[in-house]
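The residues of the chain are indexed from 1 along the displayed sequence.
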Amino acid sequence: MNYVTGMHRNQSFITTLDSNVDNDSWARIVDLFVDALDLKKLGFVDELKDEGRPPYSAADLLKYYTRTK
């Protein structure tokens with residue numbers, strides 16, 4: 001019987017999302033800009049409820065929205 005085999009452990013490597021983004025990428029500018037904003041003053045509110053899954057961070061959603069437009 002044939003089994004599915006993975007790759008050899010010595011061939012795997014650890015990487016981060018940060019290392020996949022160029023140093024001069026516009027994504028880094030958006031990241032710094034959104035982090036500098038006072039989101040609560042702009043009306044963004046993180047509402048935590050007792051039930052269900054916790055919400056995503058307003059800053060993360062704003063960064064994602066900026067990327068998709």
Side-chain angles (χ1 to χ4, degrees):
M1 181 182 279
N2 292 332
Y3 293 101
V4 176
T5 58
M7 64 180 182
H8 193 269
R9 289 183 184 166
N10 292 335
Q11 294 178 353
S12 63
F13 60 93
I14 298 173
T15 184
T16 63
L17 291 175
D18 191 54
S19 66
N20 292 328
V21 178
D22 291 336
N23 287 335
D24 60 349
S25 174
W26 60 269
R28 294 193 184 274
I29 296 170
V30 170
D31 186 47
L32 291 171
F33 179 74
V34 171
D35 287 343
L37 293 175
D38 185 4
L39 295 178
K40 291 186 189 224
K41 189 175 180 180
L42 293 172
F44 290 91
V45 180
D46 288 332
E47 292 184 23
L48 297 176
K49 298 185 178 181
D50 293 335
E51 69 279 345
R53 183 185 166 126
Y56 289 102
S57 164
D60 290 341
L61 291 175
L62 185 58
K63 292 173 189 178
Y64 179 73
Y65 180 76
T66 305
R67 168 63 179 107
T68 58
K69 290 293 174 186

Next on the checklist: For residues F33 and L42: do they belong to one hydrophobic cluster (side chain heavy atoms under 4.5 Å, members Ile, Leu, Val, Met, Phe, Trp, Tyr)?
Outcome noted: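 Yes.
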Item to check | Listed partners of T16 passing side-chain hydrogen bond (donor to acceptor under 3.5 Å, both in side chains), at least two apart | outcome: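 Expected list: S19.
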Item to check | For D60, side-chain hydrogen bond (donor to acceptor under 3.5 Å, both in side chains) partners two or more places apart | outcome: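 Expected list: none.
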Item to check | All pairs passing salt bridge (Lys or Arg N to Asp or Glu O under 4.0 Å) where residues 16-27 contributes a residue, at least two apart | outcome: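 Only D18-R28 qualify under salt bridge (Lys or Arg N to Asp or Glu O under 4.0 Å).
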Next on the checklist: According to side chain to side chain contact (heavy atoms under 4.5 Å, CB included), who are the partners of L32, at least two apart in sequence or on a separate chain?
Outcome noted: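 L32 satisfies side chain to side chain contact (heavy atoms under 4.5 Å, CB included) with no residue once adjacent residues are dropped.
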Next on the checklist: I29: which residues meet the side chain to side chain contact (heavy atoms under 4.5 Å, CB included) condition with it, sequence neighbours left out?
Outcome noted: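 With sequence neighbours excluded, I29 shows a side chain to side chain contact (heavy atoms under 4.5 Å, CB included) to no residue whatsoever.
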Next on the checklist: Applying side-chain contact (heavy atoms from CB on, under 4.5 Å) to D31 and V21, what does each step give before you reach the verdict?
Outcome noted: CA-CA 12 Å; D31 186 47; V21 178; over 6 Å; no
Item to check | Qualifying side-chain hydrogen bond (donor to acceptor under 3.5 Å, both in side chains) pairs, either residue in residues 33-43, two or more places apart | outcome: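 For residues 33-43: D35-K63.
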